[in-house]
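What follows is a short report on a single structure.
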Amino acid sequence: MRAHQIMSRHVITVGVNASVAEAIAIMLGHHVSGLPVVDAAGRLVGIVSEGDFIRRAEIDTDRKRGRWLSFLAGADRLAVDFARSHGRKVGEIMTRNPVTIAEDTPLAEIVEMMDRHHVKRLPVLRGESLVGMVTRSDFLPAVARLVRNAGPEGAAPNDDRIRELVIAAMADAPWRPCAMNVDVQNGMVSLRGSVRSEKARQAAIIAAENVPGVGKVQDELTVYPPPEDEYGGGDFASLPEETSTADDQPL
């Protein structure tokens, strides 16, 4: 198997000149833990992830060293640490020159690269264009597929084509799932990703059901943000006015 068979295609990105606050809002809004960083031309220039927000001056977790350790680290290292903990723009805190892969990179090579470089996600490039992202969680459906099959290669020859058609069916829809990942096993489609509402979830399921060759759709989509009711949201309630007492009078 290769990268194009498991990667997420609708990749959410952030601009290199975006503020740190904007990047955090995008990550929270789309329920993702990392973002590819692109320049004005759309070229990949870096990666920003949850780890880049751990040591921040705002929460007093920036790295602090004594005089001796500061001397050993050197001025350049101290300058980098300061920039990452105090930077206000994505380009100031991101990891530059990220490790990338191609669409035809074998999964075995992807795993080795993740282990060697200690990364959890790899951008997928076609030339200079960002076309996908492979994360650790994308391997789970692939492993499950092989365990279930436990048979000769090519047992489900139409699955890759079905996957392409499901992705194409939602490619231009405004309600398509964010960070969508589609897995197909013997005609059964599993949809993963985040949607904004139950209506969007239903539309995605129907789109997949209408693709020729699909026998069943397994819904693994999540609604994000969750409905207000789960957090006690809704209309404001009026509380009865309480009679003031002597204790309420100003001193």
Side-chain angles (χ1 to χ4, degrees), residues 2-4 6-65 69-139 178-181 193-194:
R2 299 181 182 274
H4 71 89
I6 69 168
M7 69 183 188
S8 298
R9 295 177 181 270
H10 295 291
V11 183
I12 302 158
T13 63
V14 65
V16 67
N17 292 318
S19 68
V20 167
E22 288 178 80
I24 293 173
I26 293 172
M27 291 170 70
L28 292 175
H30 293 284
H31 211 198
V32 295
S33 60
L35 293 171
V37 183
V38 297
D39 62 14
R43 292 184 295 262
L44 180 72
V45 293
I47 291 282
V48 64
S49 68
E50 292 172 329
D52 296 311
F53 301 104
I54 292 177
R55 291 198 174 274
R56 291 291 300 179
E58 295 90 341
I59 54 176
D60 198 30
T61 57
D62 50 321
R63 194 181 299 277
K64 299 175 177 63
R65 296 183 176 91
L69 289 178
S70 295
F71 173 77
L72 292 177
D76 285 347
R77 179 70 259 177
L78 296 179
V80 170
D81 288 346
F82 180 86
R84 293 178 70 86
S85 61
H86 291 76
R88 314 308 292 177
K89 293 183 178 180
V90 170
E92 297 168 339
I93 69 169
M94 69 181 184
T95 299
R96 297 179 179 275
N97 302 316
V99 181
T100 63
I101 56 177
E103 293 172 281
D104 61 350
T105 303
L107 297 197
E109 185 177 339
I110 294 173
V111 172
E112 290 177 1
M113 294 174 70
M114 285 182 166
D115 285 343
R116 183 166 65 251
H117 295 283
H118 306 290
V119 294
K120 299 179 181 179
R121 59 190 60 81
L122 290 171
V124 184
L125 299 184
R126 183 188 300 154
E128 293 187 350
S129 299
L130 179 66
V131 295
M133 179 76 78
V134 172
T135 67
R136 290 182 178 181
S137 63
D138 292 325
F139 282 87
C178 296
M180 183 176 70
N181 190 282
S194 299

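Computation of the quantities below employed the complete heavy-atom set of this structure, encompassing side-chain atoms and omitting hydrogens, waters and symmetry-equivalent molecules.
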Has the side chain of [X] got a donor or acceptor atom that lies under 3.5 Å from a matching backbone atom of [Y]?
X	Y	result
Asn181	Gly193	no
Arg96	Gly91	yes
Glu109	Pro106	no

On a heavy-atom basis, which atom in [X] and which in [Y] lie closest, and how many Å separate them?
X	Y	result
Met94	Val16	CE-CG2, 4.0 Å
Pro123	Met133	N-SD, 3.6 Å
Met7	Gly132	SD-CA, 4.0 Å
Leu130	Pro36	CD2-CB, 3.8 Å
Ala179	Val32	CB-CG1, 4.4 Å
Ala3	Ala102	CB-O, 3.5 Å

With side chains defined as the heavy atoms from C-beta onward, is the minimum distance between [X] and [Y] less than 4.5 Å?
X	Y	value
Met27	Leu35	yes
Val119	Val99	no
Val37	Val14	yes
Leu44	Pro98	yes

With rounding to the nearest 0.5 angstrom, report the [atom1] to [atom2] distance, [X] to [Y].
X	Y	atom1	atom2	result
Arg2	Glu103	CZ	CD	12.0 Å
Met113	Asp115	CE	CG	11.5 Å
Ile101	Leu122	CD1	CG	5.0 Å
His31	Ser194	NE2	OG	6.5 Å
Arg126	His4	CZ	NE2	10.5 Å
Lys120	Thr135	NZ	OG1	10.5 Å

Query raised in the report: Which residue, His118, Met114, Glu112, forms the side chain to side chain contact (heavy atoms under 4.5 Å, CB included) with Arg116?
Result: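 Output: one option passes, namely Glu112.
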